[in-house]
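Along the sequence shown, the residues carry numbers beginning at 1. As the structure lists them, so they are numbered: ligands from 1, and atoms in each ligand from 1. Heavy-atom basis, side chains included; hydrogens, waters and symmetry copies ignored. A quick note: this is a predicted structure, and the numbers were derived from the prediction, not measured.
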Amino acid sequence: MTNGEPSVTNLPTIKFTKLFINGDFVDAISGKTFETIDPRRGEVIARISEGSKEDIDVAVEAARHAFDSGPWPRLSGAERAKIMMKFAELIDENIEELAALDAIDAGKLYHMCKALDIPAAANTLRYYAGAADKIHGEVLKVAREFHAYTLMEPIGVVGHIIPWNFPTSMFFLKVSPCLAAGCTMIIKPAEQTPLSALFYAHLAKLAGIPNGVLNVVPGFGPTAGAAVSSHMDIDAVSFTGSTQTGREIMQAAAKSNLKHVSLELGGKSPLIIFDDADIDKATHLALLGILLNKGEVCVASSRVFVQEGIYDEFEKKLVEKAKAWVIGDPFDPKVQQGPQVDKKQFEKILSYIEHGKREGATLLTGGKTVGNKGYYIEPTIFSNIKEDMLIAQDEIFGPVMALKKFKTRIVTKNLDIANTMSRSIRAGTIWINCYFAFGDDIPFGGYKMSGFGRDYGLQALHK
Ligand code: ADP
């Protein structure tokens with residue numbers, strides 16, 4: 001644990017703290033602000049204007065005007081693409097500052113944000129910029145003397161309600177297809193992580209995105225978030241977050257104007273490891289699957305099933321590796337795991353760990369907090385899991401793995417296993433011999449209570 005002073009050289013100065021509406025940074029109508037907290041030490045970074053229903057109303061009015069009368073939906077795809085490319089370039093020019101904002105606001109690893117999250121987000125913009133002039137309908141031969149055509153139109157004003165675990169990736173996977181299609185939008189970032197979203201608003205303006213097209217209104221879920229999902233003049237709402245909040249958003253959409261809804265919700269993803277796996281690789285993937293971004297990942301490998309032939313060796317190696325995992329300040333390049341996003345998540349994870357112990361699961365390693373400041377939790381692995389235990393059922397959203405042994409061999413050859421398993425599991429994504437294999441061109445989304453609609457891929461243009 002290197003939980004001491006951060007390498008202060010990387011710390012950003014906070015430039016944007018107000019709501020971004022119709023091309024300007026403005027105070028909330030109520031004048032209220034809220035604190036955004038640095039989870040490394042539990043200290044206040046800045047006070048952010050707190051958007052509420054009245055601010056959402058003003059932002060929607062701006063977005064509606066920009067959609068109904070502004071240039072954005074009327075530009076050619078190629079013209080929108082050019083501006084989106086410029087936006088992507090500006091992100092690349094500011095990578096270090098943006099990486100530092102996500103690191104300080106969400107406790108994410110600075111070097112990973114710099115190498116991955118931020119440049120990948122610029123590429124997401126470029127991917128959809130490439131699609132902006134390729135959105136077209138079909139001509140249908142209806143009957144001998146008639147034909148019909150379909151026209152792909154931008155849906156209108158879109159509300160994006162996003163979570164705090166990947167503030168940058170979430171922002172761009174939502175915003176990019178909408179920009180390409182010619183929509184206008186309101187983005188409600190998570191109250192835990194408003195900083196980078198406001199910086200992106202600034203870059204959008206610099207890139208030449210017209211006023212009113214992209215509005216960013218930080219605030220809390222039950223106020224600002226609920227004002228988006230229940231608004232009568234928003235045409236679609238796209239949400240990523242918890243299953244419970246997803247239900248509320250869908251209800252609000254149904255009760256207001258039946259706006260289009262897409263939901264990317266929680267999960268309890270299983271990682272299944274067969275006897276013929278390479279143990280080094282499998283333990284690495286299992287650990288990365290649950291510890292990447294401190295387990296604050298909706299597709300974290302929170303349940304790991306290992307076949308009995310290799311179980312003992314797997315468990316031993318896994319625990320050894322978990323013990324060597326480096327926890328500490330997310331600005332330190334040696335560190336593999338930073339603090340949980342906030343006190344609420346930190347306490348929630350610790351209470352699940354206590355629950356696991358009480359329910360009789362075996363705590364193989366971890367389970368404790370690290371340091372006496374900030375929200376750090378040790379990599380935690382439980383074995384002897386029973387299916388009805390809370391830690392085997394609930395999405396914990398932290399560095400806590402439920403490890404289970406299984407017997408049945410389904411088929412003998414790898415390829416056969418891959419094909420049989422991927423067809424028999426009802427899941428939005430199945431990764432084989434890898435984990436976190438994301439791509440701008442790969443549609444991403446859930447089955448069952450993990451939601452519906454797809455982010456990424458050309459499908460995101462049509463959701
Ligand atoms: P968590 O509980 O882990 O913070 P949520 O799913 O509640 O996860 O939060 C994800 C996003 O949803 C955040 O931007 C949050 O402000 C927003 N949110 C929370 N509650 C509501 C709600 N009732 N209506 C709309 N948005 C909400």
Sub-3.5 Å pairs, protein N or O with ligand 1 N or O:
residue, atom, partner, partner atom, Å
ligand 1, 3 (O), Q345, NE2, 3.4
ligand 1, 4 (O), W164, NE1, 3.1
ligand 1, 6 (O), S242, N, 2.7
ligand 1, 6 (O), S242, OG, 2.9
ligand 1, 6 (O), T245, OG1, 3.4
ligand 1, 7 (O), T245, OG1, 2.9
ligand 1, 14 (O), I162, O, 2.8
ligand 1, 14 (O), K188, NZ, 3.0
ligand 1, 16 (O), K188, NZ, 2.6
ligand 1, 16 (O), E191, OE1, 2.6
ligand 1, 16 (O), G221, N, 3.3
ligand 1, 23 (N), E248, OE1, 3.0

| Can you check whether S52's main-chain N or O pairs, donor with acceptor, with D55's side chain at less than 3.5 Å? | yes
| query | If you measure from the Lys or Arg side-chain nitrogens to the Asp or Glu carboxylate oxygens, is any gap between R40 and D332 under 4.0 Å? | reply | no
| field | Residue list, ring-ring contact (aromatic ring centres under 6.0 Å, His included) with Y375, at least two apart or on another chain | value | F346
Listed pairs under 3.5 Å, donor-acceptor, residues 289-298 side chains, sequence neighbours left out:
residue, atom, partner, partner atom, Å
N293, OD1, K108, NZ, 3.0
N293, ND2, N165, O, 3.1
N293, ND2, E296, O, 3.1
K294, NZ, A106, O, 2.4
K294, NZ, E296, OE1, 2.9
K294, NZ, P339, O, 3.0
E296, OE2, Q340, NE2, 2.9
E296, OE2, V341, N, 2.8

| Quick one: OG on S196 to CG on N94, what's the gap to the nearest 0.5 Å? | 12.0 Å
| Residue pairs involving residues 207-230 (criterion side chain to side chain donor-acceptor pair (under 3.5 Å); sequence neighbours excluded) | none
